Participant: 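Just dropping this structure here.
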Amino acid sequence: MPDSAIHQTESHSHRGKGRPRTAETAAPSLVDLLNLVRSETATTRQELERASALGRAIVADRLALLGDLGLVDESELGTATGGRAPRLVRFAARRAAILVATLDQTAIGVGVADLSGNLLTEHHEAADLTGPPDQLTDRLAALFRWSLDRHATPAGVWGISLSVPGAVQSAQDGAFLATTPPVLPTWEGFPLVETLTRSFAVPVWMRSSVETMTMGELHAGAGLGRRTMLFVKIGRRIGAGIVCDGQLYRGAQGAAGLIGSLPVTSGGQTGSLDAMAGSDMIQREGMMAATEGRSPLLADILRRGGEVTAIEVSQAAQMGDAASAAILATSGHLIGQVVATLANALNPDLIVLSGSIVQTNDTLLAAVREAVYGASHPLVTRDLRIIRSQMGSSAGLVGAARVASEALFAPHFLKEWVLQGSPQAHPEFAALLSRLKTAPPPPPPAIPPMPPAPPQGKDHPK
């Protein structure tokens, strides 16, 4: 039967029987109905009939199949409005789990999320990304298994999503990774993605830390409900996440927002924004202020044998140290000049600043605000809010979970596995897993000890 005939048949509003449950006929309507339910666009059968333009019998048949697959639940009753209470159709977000991780230069975080991208638990610990990659990968796998022991789901794990320091090249939306992209120079040639895919038998996705933090802020932080937002991560590197029309903009190669490479000028010197305003500059200038006696607070740290870092400079500025405040103000003004250019181009209604330097003092935030408001068009700044993120280390994990959730249920990806009830049945993934299992694995690393219980407040059971 031609595709046009199939769609005409399924769009009839009065049909006695549903279509046969075959991939060619049922998959498109299953995908449409599941995503209507998942997005809460429609929460009853009547709403699904209207939103999908499918007949009552088709909707009933497809919901029965989705229920058999464990993807929807109709056990809850809604509010009656003059008649019998409607039965609510809910997405079974706890059917399976998504494993998420953030890999930073000095720490790793792991978490378990449900299929809607809601973070269920998280754990953070110190780590060194310059160390042997096989040892850190094995530690990551051990933390994943430890987390799963505490949050078991009926169908196990359906995906892994990683947040990494460098930019990750764009791929087709929803497409999982078959090989490890070149994002960590010290890990060049190490099969991180292949190892995790082989170990957990699930698809793996990867995004830059700026992108995942932007996604986290958009879906669970200050950006919730916003259509246009700029997210600026300030550290050794300075990057921006760009949200347009409610969607993360990645650019042609996944490199949108690399503002740290832009040239800026301060005190007659020109360099990249990273070099002129990042944490390395703050630390360097703080050391000079300490050794030259311009900062009594920082000089005292050196006298006591401590190390002057960007965090110490930020804390000193918050305590009223004039030299430290001047360093932070210089950094904030330079960042604000670049952000103002983006603001004039994109007209966001929110700018969120993140990073430990921003969290520990008000000076840098105030300097960014001053520069942006002073260099932007009045229409751009009329309703613009510039705030610091309140999500902290959770933002990257939440964003990574959203990346995997959106990929798993992207229509073109979902239609290839929905009738089998598991993304592991996706033909391309099944073929990848078969190849990886027949290929010789890398030499096994030493197994590290299991982690202690996470600090109080880092576990968020629902």
Side-chain angles (χ1 to χ4, degrees), residues 96-104 107-113 115 117 119 121-125 127 129 131-149 151 153 155-166 168-169 171 174-184 186-209 211-212 396-397 399-405 407-408 413 417 422-426 428-448 450-451:
I98 297 169
L99 293 172
V100 293
T102 56
L103 306 179
D104 293 323
I108 60 173
V110 298
V112 178
L115 295 178
L119 194 63
T121 186
E122 61 181 296
H123 169 79
H124 301 269
E125 66 180 47
L129 255 64
D134 57 347
Q135 294 183 17
L136 188 58
T137 301
D138 198 68
R139 180 61 174 172
L140 182 61
L143 288 170
F144 276 157
R145 294 190 177 95
W146 172 73
S147 299
L148 284 173
D149 287 343
H151 287 277
T153 57
V157 182
W158 277 7
I160 294 174
S161 186
L162 305 176
S163 171
V164 297
V168 181
Q169 289 190 0
F176 54 86
L177 292 173
T179 58
T180 304
V183 293
L184 297 170
T186 57
W187 288 43
E188 187 174 352
F190 181 79
L192 172 62
V193 168
E194 296 89 330
T195 301
L196 292 176
T197 302
R198 183 188 294 111
S199 297
F200 292 90
V202 295
V204 176
W205 290 271
M206 186 182 290
R207 292 288 187 274
S208 74
S209 59
E211 289 180 320
T212 57
L397 292 174
R402 294 293 305 201
V403 168
S405 175
L408 283 169
F413 188 77
W417 66 261
S422 165
Q424 288 94 325
H426 190 290
E428 292 181 12
F429 178 74
L432 169 65
L433 190 59
S434 177
R435 291 197 304 271
L436 290 176
K437 286 187 174 181
T438 56
I447 299 176
M450 291 303 292

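Numbers here are sequence positions counted from 1. Because the structure is a prediction, the values reported are computed rather than measured.
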Participant: Go through F429 and T197 one step at a time and tell me if the side-chain contact (heavy atoms from CB on, under 4.5 Å) criterion holds.
Facilitator: CA-CA 10 Å; F429 178 74; T197 302; 3.7 Å; yes

Participant: Ignoring hydrogens and geometry, is there a side-chain-to-backbone donor-acceptor pair from S434 to A430 under 3.5 Å?
Facilitator: no

Participant: How many angstroms lie between CH2 in W146 and NE2 in H151, if you round to the nearest 0.5 Å?
Facilitator: 9.0 Å

Participant: Kindly compute the distance separating CH2 (W158) from CD (Q424), expressed to the nearest 0.5 Å.
Facilitator: 7.5 Å

Participant: Hey, are the side chains of I98 and W205 touching, using non-hydrogen atoms and a 4.5 Å cut-off?
Facilitator: no

Participant: At their closest point, which heavy atom of L432 faces which heavy atom of L177, and how far apart are they?
Facilitator: CD2-O, 3.9 Å

Participant: So, do V403 and E211 sit near enough that their side-chain heavy atoms are less than 4.5 Å apart?
Facilitator: no

Participant: Please round to the nearest 0.5 Å and tell me the distance separating atom OG of S199 and atom CD1 of I160.
Facilitator: 8.0 Å

Participant: Compare every heavy atom of S163 with every heavy atom of S209, then report the nearest pair and how far apart it is.
Facilitator: CA-OG, 3.2 Å

Participant: Which atom names give the shortest non-hydrogen contact between W187 and G131, and what distance separates them?
Facilitator: NE1-O, 4.5 Å

Participant: Using every non-hydrogen atom in the two residues, find where L115 and A96 come nearest and quote the distance to one decimal.
Facilitator: CG-O, 3.5 Å

Participant: Below 4.5 Å, heavy atoms only, C-beta onward: do P133 and L192 meet side chain to side chain?
Facilitator: no

Participant: Check R198 against L433 and note the closest heavy-atom contact, atom names and distance.
Facilitator: CA-CD1, 4.5 Å

Participant: Atom CG in L196, atom CG in L436: separation rounded to 0.5 Å?
Facilitator: 11.0 Å

Participant: Looking only at non-hydrogen atoms, find the nearest pair between A101 and F144 and report the distance.
Facilitator: CB-CZ, 3.8 Å

Participant: Quick check against the 3.5 Å criterion: does T195 have a side-chain atom that pairs as donor or acceptor with the backbone of P191?
Facilitator: yes

Participant: With rounding to the nearest 0.5 angstrom, report the CD to OG1 distance, E194 to T137.
Facilitator: 10.5 Å

Participant: Describe, in one word, how the ring planes of F413 and H426 are oriented to each other, choosing from parallel (under 30°), tilted (30 to 60°) and perpendicular (over 60°).
Facilitator: parallel

Participant: Measuring from atom CG of L136 to atom CZ of R139, what distance do you get when rounded to the nearest 0.5 angstrom?
Facilitator: 9.5 Å

Participant: Run the side-chain contact (heavy atoms from CB on, under 4.5 Å) test against V157 and tell me which residues pass, sequence neighbours left out.
Facilitator: L99, L148, V202

Participant: So among T153, V100, T121, L119, which one has a side chain to side chain contact (heavy atoms under 4.5 Å, CB included) with V112?
Facilitator: T121

